[in-house]
Chemist: 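Sharing a structure below in structure tokens format, with a few things to ask.
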Amino acid sequence: MKIFNTLTRQKEEFKPVTPGKAGIYVCGPTVYDFIHIGNARPMIVFDTLRRYLEFRGYDVNYVSNFTDVDDKIIRRANEDGVDSLVISERYIAECKKDMEALNVRPATTHPQATKEIPDMIEMVQQLIDKGHAYAVNGTVYFRTRSFPGYGKLSHKNIDDLESGHRDEAHQLKVSGEDEKEDPLDFVLWKPKKEGEPSWESPWSEGRPGWHLECSVMSRKYIGGTLDIHAGGEDLIFPHHENEIAQSEAANDQTFSNYWMHNGFLKIDNEKMSKSLGNFFTVREICEKYDPQVIRFFMLSAQYRSPLNFSAELIESAKNGLERILNGGKKLEEIVAKENGKEISEAEQQLLDTELPKYVERFDAAMDDDLNTADAISVIFELIRFTNANTDENSSSAFAKKLYDTLFTLSDTVLGIHITREEAAVSDDEAAKIEALIAERTAAKKEKNFARADEIRDELKAMGIEIKDTREGVKWQRI
Ligand code: AMP
Ligand code: ZN
């Protein structure tokens, strides 16, 4: 597989540190509110990367953090008059619900900054001991110029950064600017202010800087060298640049071999912002659309390209998904017939010579820097192929083979279901349905057909259809 590496600005063949394994770290959200539709893009595309690598046989260790200590969380906690842990735990739980709806699998580990403080302190101490960091008045700063590679990811020249910084510091009088050795130095540990969560450390009672947490947690849960580090393109500078400086200065080894960054999602071609009123949470959009439509929409573009979210585009995603679902349904119906027919010679011929071509082309698209847009086009072509080559005379065994291939590519790899999810029925509701069916059976036995019909209508009003079969009464949601 080839991956576009932000570090080298080239597509490179993916070679993991350990053959057959892949350690991936994805910067996760800051949990002070429901996640927005932009946050869903890295979640969905890198979940798809993970699924694809697993499909190709890799054992993937997928780590994605929750930033659970941060100014925004503290502000929200103060507004609501609760502890900041209450806010972060609440929105971690809400984020996990959104992830599940979007069919984003839980990470192997979801570390949280507040639960890793001893390791944070250890890395800060290591950096101080090696001369890469210094403490002033309880704050610890990273000595940026002590790391020769600074700027390599964002392709920025350190002297240009320095002059930009000096102007900015001069104009804004950035606090703490005068206690730093150099305007480029950034915070590893900061002392607490009144009402902020804090932990004891050798330098002050305080909390870790944001950049530090990813360096620490990726090392702990993956190792000193990651195979892939990913996140949105806004994180390249300064977040990822600073992560590289901290990790490589502390560990004396390459921090990550590949860097993947997703492009930004805009709303109606504008940057999403609360003040413009075009800010949408995943939860809000899921009220109007099946979350599968969102997943399909996100994957309908290659992850590095900018993506525009509009009512028209989401409608077209809905129609695209419908085509996949209809294709899946047609095959499923032939499979369900269990007609016991042998696979015919013509069918076998298609399985041997035609079907593998779709899989090959799908793989080629995914191997080309995770081109999910092309991969979805191949799925559409596969559906055209299955529609054209199946009818009521097809053998169920043949339809099953087609179904399995479609399932693997769409459902397993892209995480896009090929069959409609039946709306779940709660235990209470199921008990009520069963009781009504039992009552109807009894009514029929007593030849009270009026009551039996009444119950059928009652169930229909609940969205339940019943069928009398040889094995008894069966019901399904309509
Ligand atoms: P944050 O909570 O702001 O740190 O964001 C969590 C993740 O979502 C990061 O990888 C961001 O780069 C990404 N992200 C935020 N906004 C957008 C957007 N509009 N489009 C795509 N990715 C985004
Ligand atoms: Zn990070």
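Everything numeric here is computed off the predicted structure, so don't read it as measured data. Numbering of ligands and ligand atoms starts at 1, following listing order. Here, residue 1 is the first one in the sequence, and each next residue gets the next number.
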Chemist: Do Asn65 and Tyr25 have side-chain N/O donor and acceptor atoms under 3.5 Å apart?
Modeler: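 Side chains of Asn65 and Tyr25: pair found under 3.5 Å.
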Chemist: Could you identify the single nearest non-hydrogen protein atom to atom 6 (C) of ligand 1 and state the distance to 0.1 Å?
Modeler: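 The protein heavy atom lying closest is Asn39 ND2, 3.4 Å.
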Chemist: Checking a contact table here: which protein heavy atom is nearest atom 11 (C) of ligand 1, and how many Å away?
Modeler: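 Result: Asp234 OD1, 3.5 Å.
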Chemist: Do Glu116 and Tyr221 have a side chain donor and acceptor closer than 3.5 Å?
Modeler: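 Side chains of Glu116 and Tyr221: pair found under 3.5 Å.
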Chemist: Using distance alone, with no hydrogens and no angle criterion, decide if Asn242 and Gln246 have a side-chain donor and acceptor under 3.5 Å apart.
Modeler: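 No, no side-chain donor-acceptor pair sits under 3.5 Å.
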Chemist: Quick check: does His211 put an N/O/S atom under 2.8 Å from the Zn ion (ligand 2)?
Modeler: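 Under 2.8 Å: His211 has no N, O or S contact with the Zn ion (ligand 2).
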Chemist: Report the nearest protein non-hydrogen atom to atom 4 (O) of ligand 1: residue, atom name, distance rounded to 0.1 Å.
Modeler: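 Checked against all protein heavy atoms, atom 4 (O) of ligand 1 sits closest to Thr30 OG1, 3.8 Å.
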Chemist: Could you check which N/O/S atom of Glu243 is closest to the Zn ion (ligand 2)?
Modeler: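 Going by distance to the Zn ion (ligand 2), the closest N, O or S atom in Glu243 is OE2.
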Chemist: What do you reckon, does Gly263 have a nitrogen or oxygen under 3.5 Å from a nitrogen or oxygen of ligand 1?
Modeler: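 There is no such contact.
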Chemist: I'd like to know: is the Zn ion (ligand 2) within the 2.8 Å range of an N/O/S atom from His239, strictly under that distance?
Modeler: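 Yes, His239 qualifies, because one of its backbone or side-chain N, O or S atoms lies under 2.8 Å.
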Chemist: Consider every N or O of Pro29 and every N or O of ligand 1, then say whether any pair is closer than 3.5 Å.
Modeler: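 There is no such contact.
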Chemist: Tell me whether Arg75 forms a cation-pi arrangement with Tyr32, defined as NZ or CZ under 6.0 Å from the six-membered ring centre and within 45 degrees of its axis.
Modeler: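 Negative - Arg75 is either too far from the ring of Tyr32 or too far off its axis.
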